[in-house]
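Notes follow once the structure below has been shown.
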Amino acid sequence: MTTATPTAPMKITGLRFAPPRQQDGAPAARDAWSRGVALAQAGLDSQALPFFERATSIAPRTALYWLNRAGSERRLRRPAEAIESARRAAELEPANPLACQMLAELLRMGNRHAESLAALRALDSSAPRDAQHRLLEGSALMALGEWQAAAVAFLEALQQRPADIAAYTQLGFALSNLKRYGEAAECFRTITLLEPHELGAAVYAAHYAAWACDWAQGAEDHQRMTAALALQAGRAETPPFSPFCMLSMNDDAAMHRQAAQTEAARIARVVRTTAAWTPPSPGPEGYPEAAAALAAGRIRVGFVSADFRTHATSLLLVQTLERLDRSRFEPVLYSHGADDGSALRKRMEAAATFVDCTTMSIVEQAARIRADGIALLVDMSGYTQNTRLDVFALRPAPVQAGWLAYPSTTGADFMDYLIGDPVLTPMAHADDFSECIAQLPVCYEPTDERRDHPEPSSRAESGLPEDAFVFACFNQSYKITEEVFARWCRILQRVPSSVLWLLVPQPEIQQALHAHAARLGVDPGRILFAPFVSPEVHLARLPQADLFLDTFPYGAHTTCSDALWMGLPVLTQVGRSFSARVAASLLNAVGLPELAVDNAEDYETLAVRLAEDTQALTDIRDHLWDNRRDLPLFDNTRFTAEFGDLVERLVVHWQQGGRPQAMPAQAPAR
């Protein structure tokens, strides 16, 4: 599932420089500690730290000295030392909430979430668990995928601090992961009442209401979001949020870029002020490891993602990794996601050098990437769940690009290129992107020729009527806008013997859509629902539909590829934004550009015509089914060659001293 539920960073409460008790060490230790406190309070941690080190040396069993030492080490960007100092403080005073919270927060910042949770739970039972403790506990549980327990922790935090923005934010994310989208939206709407300038809350309120297909407050949600975005202009600090959520709300590519730039600037600001890292100079002298690998004749290409498992990203990517010419390229996967133990995960691990970055901090991951001599580093998350776009803000590779997973601009000055194609990212749309456009010649999306192409299942197995014309859409519910659903209902009214088959397994959302259909004059019984199933079973059921009706403005991506692979025609509307052009790119790559129309009226007209013109639809299905192996979209050998050529162009351009620039498509490989 592509979604956006970032866990906002939470700061521990500030250190209270309380005087030590009389028994807290010798006078020399107290004197050193006092001098360190004075310097730390003045912001001179580099001068304060030696005094804290002296105090802990003289009085190693005084927790307060270790705690203040950890604080200075943290601010000096020495996380390993800070963790050990905080651990000493927590061990010396097991009932000290501040020592416990500092240790937990430091471990969380290093992506050591299980250890963070263990540290919080090690706090002596006699000590109070305040709201901050519950927030940190919930944050660790969220990172470990324990959504229900996380929600309980955030509710306990709200019991102690009823207007706590961070607690409401994290509770909203926990509820969304539990698929309680309507409740999640209400959490974020509450925040907008408490803090109208909170852009993230305004965006998430609209996004999770869209997941629930709850359109009652749609106008108000969008108005709040637009107003909050305008309030970000000129602000020194902005709250974290995911611009991804805006992609399904409108086709305004300029707004998408503005939102992305706001979040990218926040990421860069946080990373550059907190990470112990010196950005390399941009030329080959700044990246000697990458230059050395190039001199040896191979380009090292790194891919960063949490989704190297049974996920759309890996389903699309795996064969291209396997087929990259090893005499020219060395692919490396930097994975910070869980191992699901699947066959696809094992195939990904075998397809490239595989580096598990799950418990690495961003600095550790960046250092590994740089040491590996990566010349081109590819982000495969953008602003979706479990992103590590902050690694890219450290500039660990000389050329950095976004590709495949995030359907828009990152708005980041630390990303050089966005890999697209002439239909998806035409050069005329260059102003919509902060990155330079780098075009593949036909289509930006790879496929796997080895994936299953099962025999179609029966309509009876899917609970579909045998004699109906079946319109289908297997996009997630947040892409189904009120306008799109009304459009579908008009099509159903014009094709009386038809039904609409949707991938909406949640009973609450099914009820909402049935109610919407009834209000629009369509029998709710004509709206049918499909469950989530394995990829193989899903592919087998696709041919039971007659025509795939795409959503707008956020259309089908991998879902479109799956449909075309199984011979199911897709009808889409082309928009301005990246997310509204993917299906058009895929249709072009299978020789069916006429199924990508420019407006809603043509969309409805063509849907009805195809439902009534049996021969025309049969011809399209036969074209897909009979020519599947020869269509450019499904020719992975060709795609891999084209991708390799583009990678080489980007890297050689850097190697020759060039700054990032637009890279129009070259002639397709033959």
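The analysis underlying the following values was restricted to heavy atoms, covering all of them including side chains, and did not include hydrogens, waters or symmetry mates.
- Side-chain atoms of Ser457 come within 3.5 Å of backbone N or O of Ala540 as a donor-acceptor pair.
- Side-chain polar atoms of Ser577 and Asp251 form a donor-acceptor pair below 3.5 angstrom.
- Although no hydrogens or angles enter the test, the distance criterion places a donor-acceptor pair under 3.5 Å between the side chain of Arg257 and the main chain of Phe433.
- Counting non-hydrogen atoms of neighbouring residues, nucleotides and ligands closer than 6.0 angstrom, the CD atom of Gln493 exceeds 12 such neighbours.
- The side-chain heavy atoms of Trp147 and Lys179, taken from C-beta on, include no pair separated by under 4.5 Å.
- Side-chain N/O atoms of Ser498 and Arg526 include a donor and acceptor closer than 3.5 Å.
- In terms of heavy-atom proximity, Asp562 sits nearest to His538 at OD2-CD2, 4.3 Å.
- The CG atom of Asn475 lies 11.0 Å from the OG atom of Ser248; values are rounded to the nearest 0.5 Å.
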Please report the C-alpha distance between Ser561 and Leu564 in whole Å, then the side-chain angles of each, then the deciding distance to 0.1 Å, and finally whether the side-chain contact (heavy atoms from CB on, under 4.5 Å) criterion is met. CA-CA 5 Å; Ser561 178; Leu564 297 173; 6.0 Å; no
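- A donor-acceptor pair under 3.5 Å links the side-chain atoms of Arg459 to the main chain of Pro465, judged by distance alone.
- Judged by distance alone, the side chain of Gln439 and the main-chain N or O of Ala665 form a donor-acceptor pair under 3.5 Å.
- Of the N and O atoms on the side chains of Asp602 and Asn599, at least one donor lies less than 3.5 Å from an acceptor on the other residue.
- In this structure, Leu376 and Tyr417 have side chains that are not in contact, with every pair of non-hydrogen atoms separated by 4.5 Å or more.
- Within the 3.5 Å criterion, the main-chain N or O of Arg326 finds no donor-acceptor partner in the side chain of Arg328.
- Counted by atom type alone, Glu435 and Thr409 present one or more donor-acceptor pairs between their side chains at under 3.5 Å.
- Taking 4.5 Å as the limit, every side-chain heavy atom of Ile527 sits out of range of all side-chain heavy atoms of Gln510.
- Distance check, rounded to the nearest 0.5 Å: CG of Leu333 to CZ of Phe303 gives 7.0 Å.
- Side chain of His453 to main chain of Trp565: a donor-acceptor pair is present (N/O by atom type, distance under 3.5 Å, no hydrogens or angles).
- Residues Leu513 and Val504 share a closest heavy-atom pair of CD1-CG2, 4.1 Å.
- For the pair Arg541 and Trp501, the minimum side-chain heavy-atom distance is below 4.5 Å.
- Checking side-chain atoms of Asp372 against main-chain N and O of Ile374 turns up no donor-acceptor pair under 3.5 Å.
- Residue Glu536 places its CD atom among more than 12 non-hydrogen atoms of other residues, nucleotides or ligands, all under 6.0 Å distant.
- In Glu601, the CD atom is not crowded: 12 or fewer heavy atoms of neighbouring residues, nucleotides or ligands sit closer than 6.0 Å.
- Residue Tyr444 forms a ring-ring contact (aromatic ring centres under 6.0 Å, His included) with just one option from Phe643, Phe578, Trp403, and that option is Phe578.
- Gly463 and Leu528 make their closest contact through O-CD1, 4.3 Å (heavy atoms, listed as atom of the first residue, atom of the second, distance).
- Arg309 and Ser314 are not linked by any side-chain donor-acceptor pair at a separation below 3.5 angstrom, with hydrogens and angles left out of the test.
- Here Asp339 pairs with Arg345 in a salt bridge; the nearest charged N to carboxylate O distance falls below 4.0 Å.
- Judged by distance alone, the side chain of His336 and the main-chain N or O of Asn386 form a donor-acceptor pair under 3.5 Å.
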After noting the C-alpha distance and the side-chain angles of Asp416 and Phe392, does the key distance pass the side-chain contact (heavy atoms from CB on, under 4.5 Å) rule? CA-CA 10 Å; Asp416 303 313; Phe392 288 77; over 6 Å; no
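- Ring geometry, Phe474 versus Phe548: the interplanar angle falls from 30° to 60°, so the pair is classed tilted.
- Within the 4.5 Å cutoff, the side chain of Glu263 has no heavy atoms near those of the Thr410 side chain.
- At least one side-chain heavy atom of Leu595 sits under 4.5 Å from a side-chain heavy atom of Ile620.
- For the residue pair Asn636 / Thr447, no side-chain donor-acceptor distance below 3.5 Å is found, with atom types taken as modelled.
- Note that CD of Gln661 and NE2 of His653 are 4.0 Å apart. Values are rounded to the nearest 0.5 Å.
- When side chains are defined from C-beta on, Arg347 does not count as touching Ser342, because their heavy atoms never get closer than 4.5 Å.
- Checked by atom type and distance alone, the side chain of Glu445 never pairs as donor or acceptor with a backbone atom of Leu316 at under 3.5 Å.
- Taking the six-membered ring for Trp and thresholds of 30 and 60 degrees, Tyr181 and Trp211 have nearly parallel ring planes, at less than 30 degrees apart.
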Derivation and outcome, side-chain contact (heavy atoms from CB on, under 4.5 Å), residues Thr425 and Asp432: CA-CA 9 Å; Thr425 53; Asp432 295 344; over 6 Å; no
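- The only option from Tyr478, Phe173, Phe244, Phe241 that meets the ring-ring contact (aromatic ring centres under 6.0 Å, His included) definition with Tyr204 turns out to be Phe173.
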Apply side-chain contact (heavy atoms from CB on, under 4.5 Å) to residues Tyr406 and Leu247 and explain how you reach the verdict. CA-CA 10 Å; Tyr406 186 68; Leu247 304 183; 4.1 Å; yes
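- In terms of modelled atom types and a separation under 3.5 Å, the side chain of Gln544 and the main chain of Leu464 share no donor-acceptor contact.
- For the atom pair CG (Leu317) and OG (Ser305), the distance works out to 8.5 Å, reported to the nearest 0.5 Å.
- Looking at Gln573 and Asp550, their side chains never come closer than 4.5 Å, going by heavy atoms from C-beta outward.
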